[in-house]
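Notes to accompany the following structure.
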Amino acid sequence: MRFKLVHVSRRLPWPWWAGAVVAMWLALGGVVTYVSGCMGRKVVLCFFKRLTGIPCPTCGFSRALLCILRGDIVGVWWHNPLVFSILAVFLAVMLMRLVVGRKIQIHLTRAERFAAWVATGVLVLINWAYIILYVG
């Protein structure tokens with residue numbers, strides 16, 4: 001495994017509308033969850049949970065967004081530790097790109113790539129079991 005710090009443009013390579021769509025989706029989920037909490041009604045936004053009764057691997061995301069709005073960082077990781085750990089790393093990488101103009105390139109061999117995929121699958125399963133048992 002080799003890491004290399006590469007100079008890149010500070011401008012992001014994705015279209016502006018992609019960021020706007022993600023921001024609107026997050027805002028909509030936050031607003032729906034907030035309004036349902038104010039009205040005293042529980043709204044299940046997860047289609048998978050509505051269909052099966054079992055939370056999906058990303059369940060707790062809307063409640064974690066509300067924790068972010070309240071400034072409760074510990075509550076964010078309580079609702080879904082894996083998703084928000086990945087988001088924290090993503091934000092750190094984006095900030096490094098925007099501020100310093102560099103990104104990290106990771107070169108993996110075929111065996112290392114396979115091991116990374118297996119580790120990712122195991123982490124998702126562990127996170128899903130945590131959500132089923134503790135977050136629901």
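In what follows, residues are counted from 1 in the order of the sequence shown. These values consider heavy atoms only, across backbone and side chains, with no hydrogens, waters or symmetry-generated copies.
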Practice prompt. Would you mind listing every side-chain hydrogen bond (donor to acceptor under 3.5 Å, both in side chains) that reaches into residues 120-136, with sequence neighbours excluded?
Written response: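 Counting only pairs at least two positions apart or across chains, the side-chain hydrogen bond (donor to acceptor under 3.5 Å, both in side chains) contacts touching residues 120-136 are Asn80-Asn127.
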
For the atom pair [atom1] ([X]) and [atom2] ([Y]), what is the distance rounded to the nearest 0.5 Å?
| X | Y | atom1 | atom2 | answer |
| --- | --- | --- | --- | --- |
| Ile106 | Leu108 | CD1 | CG | 6.5 Å |
| Thr109 | Arg2 | OG1 | CZ | 10.5 Å |
| Ile104 | Phe3 | CD1 | CZ | 7.5 Å |

Heavy-atom closest contact ([X] atom, [Y] atom, distance):
| X | Y | result |
| --- | --- | --- |
| Ile54 | Phe48 | O-CD2, 3.3 Å |
| Ile131 | Pro57 | CD1-O, 3.1 Å |
| Glu112 | Met1 | OE2-N, 2.8 Å |
| Lys103 | Met96 | CA-CE, 3.8 Å |
| Gly60 | His79 | O-CB, 3.4 Å |

I'd like a table of donor-acceptor pairs (distance under 3.5 Å, sequence neighbours excluded) in which one partner is a side-chain atom from residues 83-93, with atom names and distances.
from, atom 1, to, atom 2, distance (Å)
Ser85, OG, Trp77, NE1, 2.9
Ser85, OG, Pro81, O, 2.7

Worksheet entry | Partner of Cys67 by side-chain contact (heavy atoms from CB on, under 4.5 Å), out of Val74, Ile73, Val76 |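 It is Val76, the one option of Val74, Ile73, Val76 that forms the side-chain contact (heavy atoms from CB on, under 4.5 Å) with Cys67.
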
Worksheet item: Heavy-atom count around Arg110 CZ within 6.0 Å, excluding the residue itself: above 12?
Response: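 No - once you tally the heavy atoms of other residues, nucleotides and ligands closer than 6.0 Å, there are 12 at most.
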
